[in-house]
Amino acid sequence: MIQRFEQFTSAIFEISRCWHKLAEEELSVYGLKGPHAAYLTVMYRYQDGITGPELCRLCGKDKSDLSRAVALMQEKGLVIKQAVDRSLYRGLLKLTERGRAVAEQISKRACLAVELAGGDLSEETRETFYKALFSITGHLRKISKEGLPQP
């Protein structure tokens with residue numbers, strides 16, 4: 001069982017390290033950091049805009065991280081916040097024209113990276129992998145909220 005834990009932990013950390021390195025390289029061209037990739041790719045799918053809380057949920061980030069990211073992306077001219085009912089409080093975050101172009105490029109590059117990373121996997125293996133990954137993620141989320149059961 002310890003060996004499985006070590007393999008799991010090592011693989012997850014290596015995937016994360018490599019992914020962050022690739023994201024940093026791709027986004028540095030735009031003066032952004034790797035974590036901005038998640039925001040841009042999700043916002044790209046929501047052309048009519050998305051609320052901050054929904055963006056946090058979909059990206060698995062907290063409000064303070066989103067706030068810093070949006071401020072930087074606004075400064076770079078990539079994102080605007082549009083008022084809803086004359087209030088910015090629950091306003092919609094939208095990509096600018098330049099933001100859409102950057103997000104489209106980042107989305108294409110992210111898809112390429114994922115495709116190359118799993119290039120030797122059959123579609124059946126890929127489906128099984130993602131099913132297992134989402135199952136593990138769900139269980140770990142529950143365990144992290146409730147704590148490990150006592151022996």
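Both backbone and side-chain heavy atoms feed into the values below; hydrogens, waters and symmetry mates do not.
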>> Side chains of Tyr44 and Ile106, heavy atoms from C-beta outward: is any pair under 4.5 Å?
In response: no

>> To check you understand the geometry: which heavy-atom pair defines the closest contact between Cys56 and Leu66, and what is its length?
In response: SG-CD2, 3.5 Å

>> Taking Glu104 first and then Lys108, would you say they form a salt bridge - that is, a charged N and a carboxylate O separated by under 4.0 Å?
In response: yes

> Judged by atom type as modelled, is there a donor-acceptor pair below 3.5 Å linking the side chain of His36 to the main-chain atoms of Leu32?
Replying inline: no

> Judged by atom type as modelled, is there a donor-acceptor pair below 3.5 Å linking the side chain of Thr41 to the main-chain atoms of Ala38?
Replying inline: yes

>> How close do Arg126 and Val114 get, counting heavy atoms only, and between which atoms?
In response: NH1-O, 4.4 Å

>> Check Arg57 with Glu54, please: is the shortest side-chain N to carboxylate O separation under 4.0 Å?
In response: yes

> Hey, mind stepping through Ser122 and Thr125 against side-chain hydrogen bond (donor to acceptor under 3.5 Å, both in side chains) and telling me if it holds?
Replying inline: CA-CA 5 Å; Ser122 69; Thr125 301; 2.9 Å; yes

> Hey, does Val70 have a side-chain heavy atom less than 4.5 Å from the side chain of Lys81?
Replying inline: no

> Just by distance, do the side chain of Thr9 and the backbone of Glu6 share a donor-acceptor pair under 3.5 Å?
Replying inline: no

>> Contact between Tyr39 and Leu93 at the side-chain level, heavy atoms closer than 4.5 Å - yes or no?
In response: no

> Counting N and O atoms only, with roles assigned by atom type, does the side chain of Arg109 sit under 3.5 Å from a partner on the main chain of Glu26, one being a donor and the other an acceptor?
Replying inline: no

>> Taking Lys63's backbone N and O only, do any of them form a donor-acceptor pair with Ser67's side chain (distance below 3.5 Å, no angle check)?
In response: no

>> A side-chain contact here means heavy atoms from C-beta on lying under 4.5 Å apart; do Leu95 and Val102 qualify?
In response: no

>> Is there a path of hydrophobic side-chain contacts, each under 4.5 Å between heavy atoms, that joins Leu140 and Ile15?
In response: no

> CH2/Trp19 to CD/Glu24 distance, rounded to the nearest 0.5 angstrom?
Replying inline: 12.5 Å

>> Which heavy atom of Asp48 sits nearest to which heavy atom of Leu92, and what is that distance?
In response: O-CD1, 3.7 Å

> When clusters are formed by joining ILVMFWY residues with side-chain heavy atoms under 4.5 Å apart, either directly or through shared neighbours, do Leu40 and Val29 land in the same one?
Replying inline: yes

>> Do Leu116 and Phe129 sit in one hydrophobic cluster, given that two such residues count as connected whenever their side-chain heavy atoms are within less than 4.5 Å of each other, even indirectly?
In response: no

>> For the CD1 atom of Ile50 and the CG atom of Leu55, what is their distance to the nearest 0.5 Å?
In response: 5.0 Å

> What is the distance from atom CZ of Arg68 to atom NZ of Lys61, rounded to the nearest 0.5 Å?
Replying inline: 10.0 Å

> Which pair of non-hydrogen atoms, one from Gly34 and one from Ala23, has the smallest distance, and what is that distance?
Replying inline: CA-CB, 3.6 Å

>> Please give the remaining members of the hydrophobic cluster of Leu121, linking ILVMFWY side chains under 4.5 Å, ordered by chain and number.
In response: none

>> Working to the nearest 0.5 angstrom, can you tell me the gap between Gln47 CD and Lys94 NZ?
In response: 9.5 Å

> How many angstroms lie between atom CG of Leu72 and atom NZ of Lys33, to the nearest 0.5 angstrom?
Replying inline: 9.0 Å

> Taking Ser107 for the side chain and Ala103 for the main chain, is one N or O donor matched with an acceptor at less than 3.5 Å?
Replying inline: yes

> Is there a donor-acceptor pair closer than 3.5 Å between any side-chain N or O of Arg98 and the backbone N or O of Leu78?
Replying inline: no

> For the atom pair NZ (Lys76) and OG1 (Thr96), what is the distance rounded to the nearest 0.5 Å?
Replying inline: 13.0 Å

>> If you compare all heavy atoms of Leu22 against all heavy atoms of Ala113, which two are closest, and at what distance to 0.1 Å?
In response: CD1-CB, 4.5 Å

>> For Lys131, is there any backbone N or O sitting under 3.5 Å from a side-chain donor or acceptor partner on Ser135?
In response: no

